[in-house]
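In listed order, ligands and their atoms are each counted from 1.
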Amino acid sequence: MGVSGGAGTVGFIGLGTMGREMVLNLLKAGHAVRVSDLRREAMDELVAHGATAADGPAEAAAGADIAITMLPDTPDVEAVVYAAGGLLANPPRGRLVVDMSTISPVAVRRIHADFAARDVAFLDAPVSGGPVGAKNGTLSIMVGGDPEGFARAHPFFGAMGTTITHVGGPGAGQTVKLCNQLVCGINIQAICEAIALGRASGVDLEQLRKVLLGGSAASWMLDRLGPAMIAGDASAGFRIDLMFKDLRLVQEHAQALSVPLPGTALVTSQYVEARAHGEGANGNQALFRVYDRMTNQRPS
Ligand code: NAD
């Protein structure tokens, strides 16, 4: 498949919360998808929807126009790229590899250079929009890498997202995503503080949320995560562990560039506290439990 937009073949590695939904949308758009994951059950479920199971990254990429990875963290992507059965030694036929995970921009630039030396285009294309955006095919996709690779990947991105932006060279997509996460993290903290203060003052919290949504304090986080925070629902959504990972990547990147980010440092320490209380697998909004503990509210 080229930029003209016919159906193509995708090798897709990483079938978790996000990857599963993205594969379903690629299938719906008419692409053939060869799936691979460490968890057999994740592959079986997608095979039932028309995907083909592959035994590892090399088999997923074999004969594909594009290989896409959607994995938790930098070492996972490096394993899938650099292992003997990995994508560097076994690139797809279309010589195009796209990582859509959130990982280190420094690692991305190295991976890009290693693929370029083998005449394979590599793009970093992290996403925003969460599991709902992945399910609805409305992700925001921020892409770093060569324009030619971006043009070839665009029809595949179009099956998974609606805001698809080429933001610069190798690593630029990850940099923009880390800026996104920094804003999300500090925004969640601000909402927790407003709810803690509102609760202690005895105001109606749902009304507080509605009023804030109607003014200059409105935000995606307040809209989507506010209800769960008010209800004390820590369960669903983007995991505390993943947000902590993203804030760690923000800090590493900022320190390498000598950019002070005091707000990010503060909210990161609250994610450390949440993880120390066993909240790593809870949703991101569970940061409110830190404030519960600080204000001696709801038992944790
Ligand atoms: P997840 O943990 O739900 O899924 C990751 C999948 O990768 C799992 O199925 C796991 O078995 C598989 N995996 C891990 N190592 C592997 C390997 N070496 N080979 C093959 N499979 C392997 O994670 P997720 O929530 O889907 O997130 C994926 C990425 O997207 C992360 O970088 C995350 O930060 C980012 N992201 C997540 C969200 C979200 O709301 N969940 C939103 C935006 C971005």
Side-chain angles (χ1 to χ4, degrees), residues 11-25 33-46 51 53-61 67-88 90 97-105 107-108 111 124-143 157 160-161 163 173-174 176-185 188 220-221 224-225 228 235-250 271 280-286:
F12 201 108
I13 301 133
L15 312 171
T17 308
M18 300 294 284
R20 174 189 185 276
E21 305 298 336
M22 293 156 78
V23 167
L24 288 173
N25 281 325
V33 189
R34 301 168 60 82
V35 292
S36 172
D37 196 286
L38 296 177
R39 296 178 303 118
R40 181 75 219 186
E41 68 276 15
M43 301 199 309
D44 291 344
E45 206 230 316
L46 286 167
D55 187 12
E59 200 174 302
I68 297 176
T69 51
M70 193 55 173
L71 299 160
D73 201 351
T74 311
D76 308 305
V77 176
E78 288 176 335
V80 164
V81 169
Y82 292 109
L87 296 175
L88 190 63
N90 308 274
V97 176
V98 180
D99 176 46
M100 301 187 76
S101 331
T102 306
I103 66 167
S104 156
V108 159
I111 294 169
D124 49 303
V127 306
S128 178
V132 174
K135 187 178 170 57
N136 296 338
T138 56
L139 291 170
S140 175
I141 307 176
M142 39 218 117
V143 189
F157 289 148
M160 300 179 278
T163 305
Q174 294 296 350
V176 172
K177 170 68 182 178
L178 294 183
C179 292
N180 183 83
Q181 294 308 85
L182 171 171
V183 172
C184 292
I188 291 171
W220 189 100
M221 291 293 166
R224 312 290 169 90
L225 299 187
S235 61
F238 184 64
R239 293 195 303 279
I240 288 271
D241 277 342
L242 284 177
M243 190 60 169
F244 176 72
K245 179 261 303 181
D246 290 352
L247 292 173
R248 171 177 56 74
L249 292 172
V250 172
Y271 277 90
N282 282 339
N284 203 13
Q285 77 282 359

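- If you look at Leu15 next to ligand 1, the close heavy atoms, those under 4.0 Å, all belong to the backbone.
- Given atom 22 (C) of ligand 1, the protein heavy atom at minimum distance is Leu71 CD2, 3.3 Å.
- Distances between N or O atoms of Ser101 and those of ligand 1 include no value under 3.5 Å.
- Judged by distance alone, the side chain of Gln174 and the main-chain N or O of Ile103 form a donor-acceptor pair under 3.5 Å.
- The nearest heavy-atom contact from the protein to atom 35 (C) of ligand 1 is Thr102 OG1, 3.7 Å.
- At the shortest separation from atom 2 (O) of ligand 1 among protein heavy atoms lies Arg239 NH2, 3.2 Å.
- When only non-hydrogen protein atoms are considered, atom 4 (O) of ligand 1 lies nearest to Gly16 CA, 3.1 Å.
- The ligand atoms of ligand 1 that sit less than 4.0 angstrom from a heavy atom of Gly14 are 7 (O).
- For the pair Ala79 and ligand 1, no heavy-atom separation below 4.0 Å is found.
- Ion pairing between Asp55 and Arg34 fails under the 4.0 Å rule for side-chain N and carboxylate O.
- Nearest protein heavy-atom contact of atom 15 (N) of ligand 1 is Leu38 CD1, 3.6 Å.
- When atom types are taken as modelled, the side chain of Asp124 and the backbone of Gly173 share a donor-acceptor pair closer than 3.5 angstrom.
- The part of Val80 lying near ligand 1 is the side chain, judged by heavy-atom distances below 4.0 Å.
- Defined by atom type and a distance below 3.5 Å, a donor-acceptor pair is present between the side-chain atoms of Asp99 and Ser101.
- Considering backbone and side-chain atoms alike, Phe238 places every N or O at 3.5 Å or more from each N or O of ligand 1.
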* Show your reasoning for whether side chain to side chain contact (heavy atoms under 4.5 Å, CB included) applies to Asn90 and Glu59. => CA-CA 8 Å; Asn90 308 274; Glu59 200 174 302; over 6 Å; no

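- Among protein heavy atoms, atom 14 (C) of ligand 1 sits closest to Pro72 CD, 3.7 Å.
- Note: Cys184 SG to Phe238 CZ = 8.5 Å, rounded to the nearest 0.5 Å.
- Judged by the shortest distance from any of its heavy atoms, Ser128 lies outside the 4.0 Å radius around the atoms of ligand 1.
- Between the CE atom in Met160 and the CE atom in Met18 there is a gap of 10.5 Å [rounded to 0.5 Å].
- With atom 30 (O) of ligand 1 as the reference point, the heavy atom nearest to it among Lys177, Met70, Met18 is part of Met70.
- By the 4.0 Å N-to-carboxylate-O rule, Arg239 lies too far from Asp241 to be salt-bridged with it.
- Ligand-side atoms of ligand 1 in range of Leu242: 25 (O), 34 (O), range being under 4.0 angstrom from any heavy atom.
- With atom 10 (C) of ligand 1 as the reference point, the heavy atom nearest to it among Ile13, Val81, Asp37 is part of Asp37.
- Near Pro131, meaning under 4.0 Å from any of its heavy atoms, are these atoms of ligand 1: 40 (O).
- In this structure, Asp246 contributes its side chain and Gln181 its backbone to no donor-acceptor pair below 3.5 Å.
- Counting protein heavy atoms only, atom 44 (C) of ligand 1 is closest to Val127 O, 3.7 Å.
- Here the straight-line distance linking atom CZ of Phe12 with atom CE of Met43 works out to 14.0 Å at 0.5 Å rounding.
- Those atoms of ligand 1 that come under 4.0 Å of a heavy atom in Thr17, given as number and element, are 3 (O), 25 (O), 26 (O).
- With a 6.0 Å radius and a threshold of 12 heavy atoms from other residues, nucleotides or ligands, Lys245 has its NZ atom above the threshold.
- Looking only at heavy atoms of the protein, atom 33 (C) of ligand 1 is closest to Lys245 NZ, 3.9 Å.
- With hydrogens and angles disregarded, a donor-acceptor distance shorter than 3.5 Å links the side chain of Arg39 to the backbone of Leu15.
- Between Ser36 and ligand 1, a contact under 3.5 Å exists for no N or O pair.
- At least one donor-acceptor pair under 3.5 Å links the side chain of Asp76 to the backbone N or O of Asp73.
- Distances below 4.0 Å separate heavy atoms of Arg39 from the following atoms of ligand 1: 8 (C), 9 (O), 11 (O).
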